[in-house]
Number of protein chains: 2
Amino acid sequence: MATAPDPEDLTARARIRDAAMRHFAEHGFERATIRGIAETAGVSSGLVRHHFGSKQALRDACDEWLVRTIRRLNDQAVADMRAGEISNYVAAARSSMLPHSRYLTRSLAEGGAGVLFDEMVGMTEQWLADYVKANPEASEVNVRHWAAVITAMALGVPILFPHLSRAMGVDLTTSEGDLALSETLLHAYSNPLLTRQEAAKLRAGLAKQERGEPR
Amino acid sequence: MATAPDPEDLTARARIRDAAMRHFAEHGFERATIRGIAETAGVSSGLVRHHFGSKQALRDACDEWLVRTIRRLNDQAVADMRAGEISNYVAAARSSMLPHSRYLTRSLAEGGAGVLFDEMVGMTEQWLADYVKANPEASEVNVRHWAAVITAMALGVPILFPHLSRAMGVDLTTSEGDLALSETLLHAYSNPLLTRQEAAKLRAGLAKQERGEPR
DNA sequence: CAGCGTCCTACACGTGCGTGTAGTCTCCTA
DNA sequence: TAGGAGACTACACGCACGTGTAGGACGCTG
């Protein structure tokens with residue numbers, strides 16, 4: 001289960017990248033410094049520049065590496081699931097994302113990691129295609145739009161993790177907190193806030209407003 | 001309907017605060033500069049320091065002003081709704097938030113504006129209390145937790161606005177985009193992704209895992 | 001009018017940053 | 001063994017930033 005490090009790892013380049021991901025995750029891109037990253041990696045700041053050229057390029061390299069890593073983990077999880085070796089795809093995806101979630105959410109919130117967002121939307125879209133097949137009454141919507149909105153909403157949770165933790169009154173980094181969050185998420189995903197009738201009514205209101213009704 | 005500016009407005013202090021909100025919203029706290037804010041406000045950079053003391057204090061003042069403003073608009077919307085003058089509370093809240101949404105979402109994503117987040121959770125919690133009264137079958141969850149999660153998820157949409165816009169293939173800043181987003185949101189809020197049976201099953205799995213099952 | 005507080009500007013200071021440059025060391029290859 | 005490329009360091013540059021300081025302009029109060 002231990003994620004085998006890339007063969008190219010253990011090199012200074014890999015150490016720099018790992019350190020950069022930690023610093024970007026913890027302090028954000030702006031506050032993170034090349035000198036700090038270099039120190040964490042145990043190299044000189046010049047070497048960072050030698051390997052990556054610029055701070056922005058270092059960030060791009062981190063994004064790209066994360067895309068590759070998550071894609072690999074996802075492919076493996078899908079294969080495991082196909083082989084019947086694993087039952088809970090969501091849990092697998094979650095555990096593969098978790099070590100990088102802080103980096104990922106920061107990058108997303110800062111407007112980066114677009115490729116990853118799109119990829120997640122794509123995965124969700126595939127998932128929803130099956131869902132719509134089983135629930136034809138939900139097919140009145142553009143599935144890609146739906147997938148994008150669901151993805152954005154789902155990402156709101158890790159992005160606002162500190163706020164959420166405080167508002168819930170539970171430290172979400174503990175296992176109790178994780179359990180409480182998981183239960184709440186299951187509840188949220190299984191309890192619609194609007195009935196289909198209410199939604200239809202509001203949708204009609206939207207259309208009317210669109211036709212020129214003042215707000 | 002035009003929001004009357006505070007009497008203290010039009011002063012240099014107010015102009016600085018407005019400019020700061022624009023810069024923080026557009027560039028984020030780190031990238032925004034006091035000199036740039038001062039230029040936008042048409043004053044010297046020293047005056048910014050004179051009125052607010054430091055960059056962080058300026059940010060705090062912006063947060064505080066936004067809390068006051070949104071609270072005022074919300075109270076007014078509630079009053080209007082009680083008086084039967086307005087039908088759609090969501091639309092009212094949305095339009096009152098919209099001008100500040102970029103500032104708000106950036107601040108939230110950067111870990112700030114905690115007071116506002118908590119306040120939104122509180123509003124959602126009140127709303128959910130009514131909901132649970134009407135739907136007693138949904139009462140097995142901690143309502144505060146539920147409110148916090150819903151709030152975080154709902155905020156994921158504006159926080160990831162650019163990503164969402166790109167993934168949907170629609171410019172969400174246009175009225176067509178706004179309509180598409182609204183319809184998708186109504187769909188998302190009225191179509192649960194899990195049945196209550198599925199959720200119960202997964203919840204049982206969670207409990208089992210908690211009791212020591214290896215992942 | 002004198003005094004004073006407030007609003008406001010101009011300008012300098014120190015710092016930490018990303019970046020640039022020159023040079024050393026190590027290892028591989030011909 | 002010569003040489004050359006890549007890995008790596010030390011160090012300096014220049015700049016933009018937040019912050020500090022000195023002082024002017026205005027208006028109010030005695």
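Below, read A as the first sequence line, B as the second, and so on, with proteins coming before strands; counting in each chain starts at 1.
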To the nearest 0.5 angstrom, please state how far the [atom1] atom of [X] sits from the [atom2] atom of [Y].
X        : Y        : atom1 : atom2 : value
B:Leu185 : A:His145 : CG    : NE2   : 12.0 Å
B:Arg102 : B:Phe161 : CZ    : CZ    : 9.5 Å
B:Phe52  : B:Cys62  : CZ    : SG    : 6.5 Å

Contacts under 3.5 Å, N or O only, protein and nucleotides 22-24 of chain C:
none

Without decimals, in angstroms, what is the distance between [X] [atom1] and [N] [atom2]?
X       : N      : atom1 : atom2 : answer
B:Lys55 : D:dA16 : NZ    : C1'   : 11 Å
A:Glu39 : C:dG16 : CD    : C1'   : 14 Å
B:Ile37 : D:dG18 : CD1   : P     : 8 Å
A:Ile16 : D:dG6  : CD1   : C1'   : 14 Å
A:Leu47 : C:dC25 : CG    : P     : 17 Å
A:Phe52 : C:dG18 : CZ    : P     : 15 Å
B:His51 : C:dT9  : NE2   : C1'   : 12 Å
A:Ile34 : D:dC15 : CD1   : C1'   : 15 Å

Checklist entry - Considering the options B:Arg22, B:His23, B:Arg15, B:Arg35, which one meets the side-chain hydrogen bond (donor to acceptor under 3.5 Å, both in side chains) requirement together with B:Thr40? => result B:His23

Checklist entry - Would you say a side-chain N or O of B:His50 is under 4.0 Å from OP1 or OP2 of C:dC7? => result yes

Checklist entry - Touch check for A:Ser44, heavy atoms < 4.0 angstrom, all strands: base, sugar-phosphate only, or nothing? => result base

Checklist entry - From the list D:dC17, D:dT9, C:dC17, which nucleotide is the closest neighbour of the side chain of B:Thr33? => result D:dC17

Checklist entry - Do B:Glu110 and B:Arg59 have side chains that get closer than 4.5 Å, going by heavy atoms? => result yes

Next on the checklist: Do A:Arg13 and A:Ile16 make a side-chain contact, defined as non-hydrogen atoms from C-beta onward lying under 4.5 Å apart?
Outcome noted: no

Checklist entry - Taking for each residue the nucleotide of DNA chain C with the nearest heavy atom, is it B:Ala12 or B:Arg35 whose nucleotide lies nearer the 5' end? => result B:Ala12

Checklist entry - Angle class for the A:Tyr131/A:Trp146 ring planes (parallel below 30°, perpendicular above 60°, tilted otherwise)? => result perpendicular

Checklist entry - Between A:Tyr103 and A:Phe24, what is the ring plane arrangement, given parallel below 30°, perpendicular above 60°, and tilted in between? => result tilted

Item to check | Donor-acceptor pair between B:Asp60 and B:Gln56 side chains, under 3.5 angstrom | outcome: yes

Checklist entry - Which parts of residues 25-32 of chain B get close to DNA chain D, meaning a heavy atom less than 4.0 angstrom away? => result B:Ala32

